[in-house]
Chemist: 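Pasting a structure below so you can have a look.
Both backbone and side-chain heavy atoms feed into the values below; hydrogens, waters and symmetry mates do not. Remember, predicted model here, so these are calculated numbers, not experimental data.
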Number of protein chains: 2
Amino acid sequence: MAIPRAAKTQRRTRIQEEKEEVILEAALDVFSVHGFRGSTIDQIAEVAGMSKPNLLYYFRTKEAMHRALIDRVLFTWLEPLRAFDANGNPESEIRSYIRRKLEMARDFPRESRLFANEMLQGAPHVEDELRGPLKSLVDEKAEVIRAWAKAGKIAKCDPYHLIFSIWSTTQHYADFDVQVRAVLGQEHSGDGRFEDAARYLEKLFVDGLGMRRP
Amino acid sequence: MAIPRAAKTQRRTRIQEEKEEVILEAALDVFSVHGFRGSTIDQIAEVAGMSKPNLLYYFRTKEAMHRALIDRVLFTWLEPLRAFDANGNPESEIRSYIRRKLEMARDFPRESRLFANEMLQGAPHVEDELRGPLKSLVDEKAEVIRAWAKAGKIAKCDPYHLIFSIWSTTQHYADFDVQVRAVLGQEHSGDGRFEDAARYLEKLFVDGLGMRRP
DNA sequence: GGATAATTTGACCGATTGGTAAACATTACA
DNA sequence: TGTAATGTTTACCAATCGGTCAAATTATCC
């Protein structure tokens, strides 16, 4: 008797772990490009190289697949912000945050697009996470930045909009990759644009925080 | 005999103009949220308040509707960049460009999201426009910025990444509106966040271009 | 090796998809 | 006002959608 998701034995089989991995990988491919509504189980099944009913054996619904994907990605996505250190040097913290975010845009563009799609649609599946854990984390880091400004370590600025602008500029290189490539032309077809962006953005934000002034 | 899109007489009827307007308005509502694949003709028809076959009388296919929408929006969307004046004062040009882009994010968020959706999907419908007209316009304005830098009016910087960063930061307030609202909390439920963003971004970029240094 | 549980698949279902045909209603214009 | 063109709707189509079911196959463990 087939009981999906191993309801009988609480432990997950080796096959389960492997197949769920394959499915989520395929789902990331599809969802990140077409969004939730625009993606079909058949598409994902084809990318995953298995039959549709087989997919539905591991994830009972399309929503369950999307949910699992979002949950997994959400945590690792906030990793760089979490690593933002209150005790560190402001300039190097800002620099390394930008660098890390750009590396993620370069190495995990699908994850970035998955979130972008979700945001564009009004975050119907993750609004709670935004208002809860995300807001808390941002509030905490905003307080750090505010404290730096109060201590005279950096110029005064709105910490929330600072964070927004770092998010948007870095993720832009993942989400709008086609546009960036089209505008830059084929001479930047390698990963050079990420290094150029890193140089430009680090300078922009460091100067913007007045950390380079005497 | 019904011939779609007035094939016989070349002129467009009053009714045609009105209905096509209504349809494109509804299509913008739907496409901007769900993307091309995720949107259905029935959805658009319901928003437009007419029957599905009636929609298809004016636009023969879903693609034709999307195409017409993109074409119309594309032109007005680049308006602010076109207005960027080589003979103007660098600081005020940058400032007003940022302000204009933020106003568009505030007043035309659907148009912004429509493009964002298209970019996320790899620009399957507009890649030619990106490589052609868009790239030309950006190349032209980039040259202006480079000339300013050479003349010592602003600090040296990569003009392409400067433009990218202005695009991304401003459009962020349209495309990621849910996230911005969630993080800022409900006390910023009005349009105040746009004014805060304008203040922050103008300062960031003006400082970044060294225009405030002695 | 055999029993038992876990996995996989083909056939199928009702709902929804983009789109059509033709009848019906309305408008514009002589 | 008559009539031809334009506009609208009902009924429908084949394809695809998310998802189910039972049967077949494979892995696991004693």
Chemist: Rounded to whole angstrom units, what separation is found between the CD1 atom of I44(B) and the P atom of dT16(C)?
Modeler: 17 Å
Chemist: If you check the P53(A) side chain, which of dG18(D), dG10(C), dA11(D) turns out closest?
Modeler: dG10(C)
Chemist: Nearest heavy atom decides the nucleotide; on that basis, is S39(A) or N54(B) closer to the 5' end of DNA chain D?
Modeler: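 The residue closer to the strand's 5' end, by nearest nucleotide, is N54(B).
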Chemist: When the nearest nucleotide of DNA chain C is assigned to Q43(B) and to M50(A) on a heavy-atom basis, which residue is associated with the more 5' position?
Modeler: M50(A)
Chemist: If a pair satisfies ring-ring contact (aromatic ring centres under 6.0 Å, His included) and one of its residues is in residues 123-145 of chain A, list it, with sequence neighbours excluded.
Modeler: F36(A)-H125(A), H66(A)-H125(A)
Chemist: I'd like to know if D177(B) and R193(B) make a salt bridge, using a cut-off of under 4.0 Å between side-chain N and carboxylate O.
Modeler: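 A salt bridge links D177(B) with R193(B).
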Chemist: Using whole Å, report how far CG of L56(A) lies from P of dA11(C).
Modeler: 18 Å
Chemist: Using the six-membered ring wherever Trp is involved, compare the ring planes of F164(A) and H161(A) and label them parallel, tilted or perpendicular (cut-offs 30° and 60°).
Modeler: perpendicular
Chemist: Does OP1 or OP2 of dT17(C) have a side-chain N or O of R37(A) closer than 4.0 Å?
Modeler: yes
Chemist: Measure from CE on M65(A) to P on dC17(D) and round the result to the nearest Å.
Modeler: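 So the CE-P distance, M65(A) to dC17(D), works out to 14 Å.
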Chemist: S51(B) near the nucleic acid: base, sugar-phosphate alone, or nothing, with a heavy-atom cut-off under 4.0 Å?
Modeler: base
Chemist: Distance under 6.0 Å and angle within 45° of the ring axis: does R82(B) meet both against F75(B)?
Modeler: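 Yes, R82(B) lies over the aromatic ring of F75(B).
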Chemist: Between dT8(D) and Y58(B), is there an OP1 or OP2 to side-chain N/O distance shorter than 4.0 Å?
Modeler: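 Y58(B) to dT8(D) OP1/OP2: side-chain N or O found under 4.0 Å.
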Chemist: Whole Å only: how far is the CZ atom of R60(B) from the P atom of dA21(C)?
Modeler: 13 Å
Chemist: Any base atoms under 4.0 Å from K19(A), or only sugar-phosphate, or nothing? Heavy atoms, all strands.
Modeler: sugar-phosphate
Chemist: In whole angstrom, what separates I23(B)'s CD1 from dG7(D)'s P?
Modeler: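 Rounded to whole Å, this separation is 11 Å.
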Chemist: Please tell me if Q16(B) has a side-chain N or O lying less than 4.0 Å from either OP1 or OP2 of dT6(D).
Modeler: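 No, because none of the side-chain N or O atoms of Q16(B) sits under 4.0 Å from OP1 or OP2 of dT6(D).
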Chemist: Provide, to the nearest angstrom, the distance between the CD atom belonging to E18(A) and the P atom belonging to dT7(C).
Modeler: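 Value for this atom pair: 11 Å.
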Chemist: In this structure, how many angstroms lie between the P atom of dC17(D) and the CG atom of D42(B), rounded?
Modeler: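 Result: 15 Å.
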Chemist: Figure out the NZ/C1' separation between K52(B) and dT16(C), and round it to whole Å.
Modeler: 8 Å
Chemist: List the atom pairs, donor and acceptor, that lie under 3.5 Å between side-chain atoms in residues 127-134 of chain A and the rest of the protein, sequence neighbours left out.
Modeler:
from	atom 1	to	atom 2	distance (Å)
E127(A)	OE2	R131(A)	NH2	2.6
E129(A)	OE2	R67(A)	NH2	2.7

Chemist: Ignoring backbone atoms, test whether Y57(A) places a side-chain nitrogen or oxygen under 4.0 Å from the OP1 or OP2 oxygen of dT7(C).
Modeler: yes
Chemist: Checking contacts here: which listed nucleotide (dG18(C), dG18(D), dT20(C)) is nearest the side-chain heavy atoms of I41(A)?
Modeler: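 Per side-chain heavy atoms of I41(A), the pick is dG18(D).
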